[in-house]
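Here's the structure we're looking at; comments come further down.
Note: hydrogens, waters and symmetry copies are ignored here, and every other heavy atom, side chains too, is used. In listed order, ligands and their atoms are each counted from 1.
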Amino acid sequence: MKEKLEQIRREALEAFDPASAATVQDLEALRVKYLGKKGELTNVLKMMGKLSAEERPVIGQMANEVREALTAALEERRKALAAAALDHRLAAEAVDVTIPGKQHHLGHRHPMYIALDELKDIFVGMGFTVLDGPEVELAEYNFDKLNAGEGHPSRDWSDTFYFDTDSRVMLRSQTSPMQVRAMETMELPIRIIAPGRVYRKDEVDATHSPMFHQVEGMVIDKGVTMADLKGTLNTVVEQLYGKGTKTRFRPHHFPFTEPSCEMDVQCHKCGGVGCATCKGEGWIEMLGAGMIHPKVLKMAGIDPEVYSGWAFGIGLERTAMRRFKIADLRLIFENDERFLEQF
Ligand code: PHE
């Protein structure tokens with residue numbers, strides 16, 4: 001039995017060598033093999049009963065020594081493996097703090113939305129509510145309820161995007177249907193602006209796009225007059241383009257306003273003398289406006305004998321172009337970073 005114990009010790013210590021016990025799992029298998037309940041050492045101890053009384057303590061002591069030696073060797077090897085595993089992880093997860101970081105490119109508001117935010121701020125400051133409305137609109141709201149019935153030229157297939165053959169559903173060609181939607185849903189008096197996309201069958205060029213943005217504005221109350229319209233718009237223009245900026249109102253026609261007008265702003269470039277920016281005019285067209293037609297009020301269930309109102313519609317791209325001196329409308333939609341970075 002002595003020889004057997006010696007053999008176990010030799011074999012086991014050899015087996016705990018890094019070559020054969022390369023992993024924690026290897027080591028556990030070896031522990032079971034030599035020190036486990038059915039392990040080799042236990043097997044030897046089970047035969048102790050067959051020994052003589054003199055031999056038993058000697059072999060017993062030796063067996064304990066072997067067990068201690070194996071346990072100690074096993075523990076040592078386990079620690080070495082754990083340390084190696086830790087080293088490995090530290091190396092694998094090492095962070096080189098000297099490598100230059102990845103630059104994050106932080107964007108900013110699009111120039112057109114900067115212009116819109118400025119407009120919103122001005123109107124909200126005057127007590128207006130900002131409304132959002134559908135781009136896919138009923139012709140009834142885009143035309144009929146705005147006093148542009150059957151046969152009105154703007155309803156033509158070559159002017160308007162329809163979804164159906166009987167021309168009932170369309171991409172709105174103006175934000176003016178929001179006037180009607182506000183009249184139908186809001187309590188009087190009403191003060192709203194409604195920005196959003198509109199669509200027309202236009203070819204793309206430096207000043208046109210089949211999709212562009214408008215901001216609709218409307219006030220309805222008792223005793224509202226054209227003077228309120230002019231006063232409000234003059235205030236807005238001065239806030240946008242600086243104190244003393246001059247405007248002029250020219251007669252115009254829209255089916256849903258009466259009287260109607262267009263408002264021009266004195267050219268910011270030449271101060272009204274005439275230059276390339278204003279095409280020699282001295283003035284730049286800015287928006288359409290007018291007093292809401294009594295028929296439109298009536299169709300929305302508002303008594304034109306009691307209430308009156310005004311409305312305007314302003315092109316947002318053109319406002320941004322003037323605000324930031326952008327020469328070509330296409331730049332606003334192309335989203336070339338070299339362009340956008342400048343604002
Ligand atoms: N909707 C008109 C257009 O697109 C602008 C407008 C709005 C005119 C409100 C008068 C009142 O040209």
Side-chain angles (χ1 to χ4, degrees), residues 116 119 123 128-131 133-135 137-149 152-156 158-161 170-184 186 190-202 207-221 224-234 236-237 247-265 284-297 299-300 302 304 307-319 329:
L116 177 57
L119 266 176
F123 279 102
F128 283 63
T129 303
V130 182
L131 295 187
E135 288 170 31
E137 184 55 282
L138 298 170
E140 191 189 352
Y141 281 85
N142 195 85
F143 293 128
D144 299 271
K145 292 182 176 217
L146 286 168
N147 198 31
H152 192 276
S154 57
R155 300 183 73 132
D156 198 273
S158 61
D159 281 334
T160 300
F161 293 105
M170 53 176 290
L171 288 173
R172 65 178 175 189
S173 64
Q174 50 186 355
T175 45
S176 299
M178 287 308 292
Q179 292 182 29
V180 181
R181 290 188 176 275
M183 288 181 216
E184 288 184 352
M186 294 175 80
I190 296 171
R191 267 190 232 107
I192 57 115
I193 59 166
R197 291 189 188 96
V198 301
Y199 303 84
R200 290 180 195 176
K201 284 195 173 174
D202 280 332
T207 51
H208 293 86
S209 159
M211 185 282 295
F212 60 102
H213 296 72
Q214 287 186 331
V215 181
E216 195 78 8
M218 181 178 77
V219 168
I220 303 177
D221 202 347
V224 173
T225 70
M226 194 92 182
D228 300 308
L229 169 67
K230 291 181 78 172
T232 307
L233 291 179
N234 280 333
V236 172
V237 164
T247 57
R248 76 175 181 191
F249 291 77
R250 282 179 290 103
H252 202 76
H253 173 265
F254 298 104
F256 42 90
T257 46
E258 184 57 38
S260 304
C261 62
E262 278 192 332
M263 187 188 79
D264 301 334
V265 183
I284 298 172
E285 183 199 315
M286 194 163 163
L287 54 81
M291 298 305 293
I292 300 167
H293 200 295
K295 273 179 145 180
V296 174
L297 290 172
M299 277 189 272
I302 297 170
Y307 285 95
S308 58
W310 53 254
F312 70 86
I314 185 170
L316 191 52
E317 284 81 2
R318 291 187 185 184
T319 307
L329 179 94

Shortest protein heavy-atom distance from atom 7 (C) of ligand 1, along with the residue and atom involved: G313 N, 3.2 Å

Sub-4.0 Å heavy-atom approach of W310 to ligand 1: no

Within reach of ligand 1, part of F256 (heavy-atom separation under 4.0 Å): side chain

Note, P134 side chain near M178 side chain (heavy atom, < 4.5 Å): yes

Atoms in ligand 1 flagged as close to Q214, the criterion being non-hydrogen separation under 4.0 Å: 3 (C), 4 (O)

Side chain R155, main chain A148, donor-acceptor under 3.5 Å: yes

Approximate separation, where rounding is to 0.5 Å, of L316 CG and T319 OG1: 5.5 Å

Q174 N/O to ligand 1 N/O under 3.5 Å: yes

Between F312 and F128, ring centroids under 6.0 Å: no

Residue pair Q179 / E216, side-chain donor-acceptor N/O under 3.5 Å: yes

Which residue and heavy atom of the protein sit nearest atom 12 (O) of ligand 1, plus the separation: F254 CE2, 3.6 Å

Closest contact, heavy atoms only, V224 versus I220: CG2-C, 4.4 Å

R200, E216, R172: member with heavy atom nearest to atom 3 (C) of ligand 1: R200

Residue F312 vicinity, atoms of ligand 1 by number, heavy atom under 4.0 Å: 7 (C), 9 (C), 11 (C)

S176 and ligand 1 - part of the residue with a heavy-atom distance under 4.0 Å: side chain

Heavy-atom side-chain proximity of R181 to E137 below 4.5 angstrom: yes

Geometric N/O contact Q179 with ligand 1, under 3.5 angstrom: no

